[in-house]
Every structure is written in structure tokens, then in C-alpha cells.
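In this text, all values refer to a predicted model and were calculated from it rather than measured experimentally.
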Amino acid sequence: MRLSKSLVPTLREDPADAEAISHTLMLRAGLIRQLAAGIFVWLPLGQRVLDRINAILREEMNAIGGQEITMPVIHPAELWKQTGRYDGIPEMFKLKDRHDRDLVLGMTHEEVIAWLAAREIRSYRDLPQIWYQIQTKERDEARPRSGVLRTREFVMKDSYTLDPDLPALDRSYAAHEAAYRKIFDRCGLTYRVVQSDTGMMGGLGAHEFMAPSPAGEDEIAICAGCGYAANVELAKGVPEPPAFPPGTKEEVATPNARTIAEVAAFLKVDPRLTLKSLLFVAPKAGPVLVLVRGDHNLHERKLARALGEEARAAHPAEVQQHLGAPVGSVGPVGARVPVLADEALKQGTYVVGANREGFHLRGVTPGRDFQARFVDLHTVAPGEACVSCGKALEVERVIEIGNIFKLGTKYSEGLNAKYLDESGQEKPIVMGSYGIGPARIAATAIEQGADADGIVWPAAIAPFDVHIVLVSRRDEAQVAAAESIYAACRAAGLQAVLDDRDERPGVKFKDADLLGVPVRVTIGNALAKEGVVELKERRAPRREQRVAPGAVVDAVRALRA
RNA sequence: CGGGGCGUAGCGCAGCCCGGUAGCGCACCGGACUGGGGGUCCGGUGGUCGCAGGUUCAAAUCCUGUCGCCCCGACCA
């Protein structure tokens, strides 16, 4: 590619709308432009990066027996009604055609796969299968953010496995996990594999591939001792219990003290000796009082799992109605609603709201003074003890770059995807589903690798292998050398970009750094003086070497090796 | 959905309180010089001040509404 003739609109300044490093640099390096919130145009350089990532995805998926297909973006609503997912997913784009038929834009493809399997799979002899596609997904996200890290339209490599039984699913799942490790290794990312919630996807188990980055939206808890690692929506930790002072149950006036901090300060007690009482309302179960330790935060995902349904926080009027006291004075003692308490509250005595405005109770012992169901509810905090080995957990912010789900038979049963086993018995096909977002790989590579000068691409997914800077377009010898090096690189199978613009050298060097191509070749003064060109690595420590123009291809290859 | 911020030239911004000529830097076009880390000088092009309504002799500026974008949270199949 010649920069003089290409659409590579680099920006000198940081765009005002970009916060994340990857967002800023993808805009500045001319990889993307934003059309609307969470909707992007991929420019030539960005497209090249995606192409390279997709090539790796195809190689590794094919290597485990994956067969590439392409499914539609537009689905009949009926398909989603059959699996019960048509209603209740706010992110789903819905539309009608001219005949007033309901359609949806595909946000994932379990339904279509199950539909296809129901038609094409007959026998255990047809199994297992791995089908995948690299295709556009549409999701009306509540809040698109951080450039291409969370968008409303994005390309996903989604694959699906069809197996006769659970042991076979386990093998397909393991094959995917291994393939994913190869993919992310090749893409040059640092990541870990963690246990994750199956969420509303349903299913038997799931893992996420998480890349550490401050730009991430998720948090994981990890144990340096035993290797335990899980998304915080799932991760369990054992908090250190405070020293519980002796004392019996008594009511104390706490005028104007409503928050945990105010109550703790007023009574001069450690917040860890108080209980946070939160009223939630579940669609089926109704009101439920949820308790976590004063210094802890409830994880609503854990609550949803414990209840078996999504609950919402009660309105102040509902709190008054169900507990007879306003927010800030409520507690579990004498409450007429079911109580769900965090496991950490099995021991100790606490300060709780008295269900009487302006009063709290101290010396309250869970289990004695009120009954509750104990489940893990609090969000794990750094320093809590690992449940398997007892060492202190760390909490790390991460970008989710891939996930793998054991789906089981939820979708195959909904869409009647069955097969006949060896004994002629009809059985539901056991499914798995697996996703990777190529744009997230690109953004994560930038987040993890960029320096003050711009992008530093991992070699395998860089838009080019070599960036050739022609310092002076008016120097005929330099032009001739640059052209022959450019041609030689391309002939040798290297992806090369030639900066043949009529710009000052400084501009070209700045842009080269910004674009982040692994090796830069500069054809400048050293050519006339010493008959050499200069090679410089983009990655720190930015080693340099000088070689004859004819030796550039070998030198670039050596650097890549 | 809750909270906050911002919409003025392609990009980054000032002007808005306190109404009266639409400005700066970069980019872009022409010219001269320059030529190894985002050059200098001279001369230019380019703006429905997001949109609609209102107040006023007069609105980028004040008022009302609306649309869009960003950030924090909720959510994230």
C-alpha cells in the first residue's frame, strides 16, 4: 500500500469523544470512524487488522474440524419464540417486514443452528459437528462504550458444537478451549481463562477468556496460590471476620443516621459490624430482604442466581409498605418477608435497622434473632481468602475477549433438534456455543501494547509487516531504493506499506510510530553517505540496525522470527 | 433507566455569564523558502453556531422543547 494514494487519515490530536486508549489510537491511526453510538466504519488499515485476525480464527477453527458457514442477520421471530428468548431481551432489535411479519436482527445464532441441526442431523453417525461463522451481530446495547470494545453492531466468530452426549460435549468444549488459547497466543494477547456465569444463556458451565486491561468492563478474582480464577459475578471469597464485641440485643436510637457510614459513625462501631438490609422485588417470589455485611457490596447477579430470577431494588414506598419503616431503618428482625443473607453473616452479631424509623438494633445474631437462607451474595473484594487454598485473592479488571458455553439441550429441545442413537432411541442433540470478537482482539492488542508514541501491534495482527519510510521524494536514489525495497518485500510475501507522501520526515516518523507496524525501514541520508538503509523495531527497546538495501527482506524476516 | 458533561469550519477549541462584526490553532488550496522526529513566511478556501419554537429592534449568547454524542452507574444471551 502506498500512503500517497490511500485512505489513512491520521489525526494529530486526540479526538474529544474518545476516552479509552484503543479508541483514541484507532481513530488517530485512521483505523476506524464512528457513524453513530456503537456503530463504526472500518477503514482500510482497520480492515487489514480484522482480516489478519479472521485468518487466524479460520485456521484454528478449521484445525479442530470446524466447518465455516454463513447464517443470516435477519431471523424470523418465530424461531426465537420457540426457545423462549423472543421476549425479555432488551438488547434485541425487532422489526416488521411489509407483510407485518415479526423479524429480529440476530444477536447470536443458537436458534438458527438448532433449526439447521433439526433438519440436517438424523443419526449419531452425523455427530459430532462443529459449525462456525464470522458474521455481523446486532445488539441494541444499553450503553455502547470505549470505541470498539462494546458496540451495537460487531462481527463475531461464533461456533457451535453438536454432540450426542455430555462426555462428547466435554471433548468438543476442551477442543475449543485449546483452539482459543492458540488463537489468543498467536494474536499476542495476555489473558487468563476463568470460570464464568452461564447467565441467561442457560447451560451447564462456561468459561471466559479475559485480557487484563484497565479499559475492561469486567472484573475477575484470581488466586496466586492455587490458580483459582473466576469472574467476580461468580467468584467466592471468604472475608476476614471482624472481632465481635460481646453484647445482647438492644434497641438504640439513631436519629438521622440512615446510611451504613452514618450509623457506624453515630454508634462508633466498625462498618463490618453492621448489616446492609436491601429490599428487592422478584417477579415471581415477590419481596425479599437481602443482607450483606455493612462494608460489602451485593452482587446482583449472585442474587439473581440465588432467586432463580432477576429481582429489582424496591421503591422507597414498597420498603415502607413491606417493612413498616423507611429506607435506612429497615432490618431482618421481625420482617414479614423472606430473608436472604450472605454466607459471611453466619457468624457474629451485628447492628441492624430496627424497622422503626430512627432506631437500630445492636447485638443481633443471625439465626437466633431472625431466620434466613444463607447464600453467597457479596462481591468479592481484594484480600479475601481463596475458597480452595486460603491465600489472599486479587481482583483484576479485564476485557472479555472470548467465551465458551456448554449449552446442553436447551435449544435443541426447543427447536426439536434430535438424533437416533445406536439403539434407535431418539435423543436431543447436546450443544455448545463459543464466541470471539475480532474487533475486541484488535482493541485489546492496542490497550495492552500501546506506548506514548502510538500503537505497537503484535506481529501477527499488524496491518503490515514492514513500514517503509521514503525520507525525500526528491532524491532519485532514495526513490529508486524505496521502490525496489517495496517490491522486494511484497515479492517475498511481506505485507508492506510505503510512505511516499510529500511530507517532511518528522511527519512520516510520527505517523509510522502511530500506526505501530513492527518494523520500520528508513531510506534517507544514510543511503548516499554509507549505502545503507535503517531498520527500527517498533516494540521497546526499539533496536536499530543498518543494512544494504538488498538485505532488507532477510533482515525483516529475522526480526519477525 | 438514573446521574454528569458536551454540540460553534475536517480536527482541537475560544466566544455564551453580561444579546449587537463568528474567531484562534492545526488541517486544506496557491506561492516562496526549507527538508532526519508533527517547519517558516505571504496570500486564500471553508461555518444552517445540532434542530425547532419563543423573547427581543437584534440571539451562537436568554427561555422552552427536541435530537445527537461522551463519561459514571444499572444492564450486557
Side-chain angles (χ1 to χ4, degrees), chain A residues 9-20 23-24 27-28 30 33-39 80 83-93 104-111 137-147 149-152 154 156 158 196-203 206 208 215-218 231 233 297-301 304 310-313 315 400 403 405 407 410-411 433-435 437 440 452-454 469-475 478 499 501-514 520 522-529 533-534 536 542 544:
Chain A
T10 56
L11 269 27
R12 183 185 292 241
E13 293 173 280
D14 285 349
D17 284 348
E19 195 88 355
H23 190 194
T24 301
L27 288 166
R28 284 194 55 200
R33 287 295 182 262
Q34 181 167 334
L35 178 63
I39 302 179
W80 290 77
T83 56
R85 294 210 289 181
Y86 184 69
D87 295 305
I89 304 181
E91 287 76 23
M92 188 184 289
F93 280 108
V104 311
L105 299 185
M107 49 194 307
T108 178
H109 282 72
E110 284 79 14
E111 275 78 2
K137 301 284 179 276
E138 310 286 347
R139 296 182 185 177
D140 192 7
E141 292 288 350
R143 180 147 95 84
R145 72 179 99 184
S146 306
L149 281 173
R150 179 164 292 278
T151 57
R152 295 194 290 169
F154 62 101
M156 179 190 265
D158 46 325
S196 68
D197 187 24
T198 51
M200 291 321 204
M201 192 82 155
E208 290 167 327
E217 300 178 275
D218 288 299
N231 193 310
E233 66 194 23
N297 288 315
L298 170 71
H299 199 295
E300 293 197 30
R301 197 73 167 234
E310 297 277 341
R312 61 169 174 83
H315 305 301
E400 181 187 346
N403 57 44
F405 285 95
L407 295 176
K410 173 177 172 181
Y411 299 94
S433 115
Y434 316 83
R440 277 197 183 173
D453 294 316
V469 173
L470 166 59
V471 171
S472 176
R473 207 158 78 156
R474 296 192 244 319
D475 180 320
Q478 285 185 23
D499 191 349
R501 295 174 299 171
D502 186 16
E503 290 285 355
R504 297 177 64 87
V507 173
K508 297 189 178 191
F509 293 139
K510 286 289 186 187
D511 273 350
D513 287 350
L514 183 59
R520 186 176 87 200
T522 304
I523 293 116
N525 293 336
L527 183 70
K529 287 187 198 146
V533 299
E534 298 140 272
K536 186 171 189 177
R542 309 210 66 174
E544 295 183 61

- Task: Would you mind telling me which residue lines up with the more 5' stretch of RNA chain B, A:Leu514 or A:Met92, judged by nearest nucleotide?
- Result: A:Leu514
- Item | Check ion pair A:Arg85-A:Glu110 (N to O, under 4.0 angstrom) | yes
- Message: Using a heavy-atom cut-off of 4.0 Å across all strands, would you classify A:Arg139 as base, sugar-phosphate, or nothing?
- Response: sugar-phosphate
- Message: At 4.0 Å (heavy atoms only), tell me whether A:Glu300 reaches a base, stays on the sugar-phosphate, or touches nothing.
- Response: sugar-phosphate
- Message: Rounded to whole Å, how long is the line connecting atom CG of A:Leu27 with atom P of B:C70?
- Response: 11 Å
- Have a look at A:Arg28 and say if it touches a base, only the backbone sugar-phosphate, or nothing, with a 4.0 Å heavy-atom cut-off. base
- Message: Taking any heavy-atom pair under 4.0 Å as a contact, classify A:Asp17: base, sugar-phosphate, or nothing.
- Response: sugar-phosphate
- Mind calculating the distance between CG (A:Leu149) and C1' (B:C70) to the nearest angstrom? 15 Å
- To the nearest angstrom, the CZ-C1' distance between A:Arg152 and B:C76 comes to 14 Å
- Distance check: side-chain N/O of A:Arg145 vs OP1/OP2 of B:C71, anything under 4.0 Å? no
- Message: Do A:Asp511 and A:Thr10 pair up side chain to side chain, a donor and an acceptor below 3.5 Å, judged on atom types alone?
- Response: yes
- Message: So, OP1 or OP2 of B:C76: does either fall under 4.0 Å of a side-chain N or O from A:Arg301?
- Response: yes
- Would you call A:Arg145-A:Glu217 a salt bridge at under 4.0 Å N-O? yes
- Message: Please report the distance, rounded to the nearest Å, between CZ in A:Arg440 and P in B:C76.
- Response: 14 Å
- Query: So what does A:Lys137 hit on the nucleic acid, given a heavy-atom distance under 4.0 Å: a base, only sugar-phosphate, or nothing?
  - Reply: nothing
- Query: Salt bridge between A:Arg542 and A:Asp513, side-chain N to carboxylate O under 4.0 Å?
  - Reply: yes
- Task: Report yes if a side-chain nitrogen or oxygen of A:Arg12 is closer than 4.0 Å to either non-bridging phosphate oxygen (OP1 or OP2) of B:A27; otherwise report no.
- Result: yes
- Task: Return yes if a side-chain donor-acceptor contact under 3.5 Å exists between A:Asn231 and A:Glu208, otherwise no.
- Result: yes
- Query: Is it true that A:Arg152 and A:Glu138 have a side-chain N and a carboxylate O under 4.0 angstrom from each other?
  - Reply: no
- Item | Between B:G10 (P) and A:Leu11 (CG): distance, integer Å | 13 Å
- Message: Strictly below 4.0 Å: does A:Gln34 bring a side-chain N or O up to OP1 or OP2 of B:C70?
- Response: yes
- Item | Length of the line joining A:Asp502:CG and B:C33:C1', which is rounded to integer Å | 14 Å
- Query: Can you find an N or O donor on one side and an acceptor on the other, under 3.5 Å apart, linking the side chain of A:Asp14 with the base of B:G12?
  - Reply: no
- Note on the structure: Closest of B:G36, B:G38, B:C13 to the A:Glu534 side chain is B:G36
- Paired to B:G68 by Watson-Crick or G-U wobble criteria (both distances under 3.5 Å) is B:C6
- Once you round it to whole Å, what is the distance between P of B:G73 and CG of A:Leu298? 17 Å
- Task: Remember a base hit wins even if backbone is also touched, and classify A:Gly88 as base, sugar-phosphate or nothing at under 4.0 Å, heavy atoms.
- Result: base
- Scan A:Ala18 against the nucleic acid and name what it touches under 4.0 Å (heavy atoms): base, sugar-phosphate only, or nothing. nothing
- Query: Hey, is the side chain of A:Gln478 pairing donor to acceptor with the base of B:G36 inside 3.5 Å?
  - Reply: no
- Report the distance from atom CZ of A:Arg501 to atom C1' of B:G37, rounded to the nearest whole Å. 13 Å
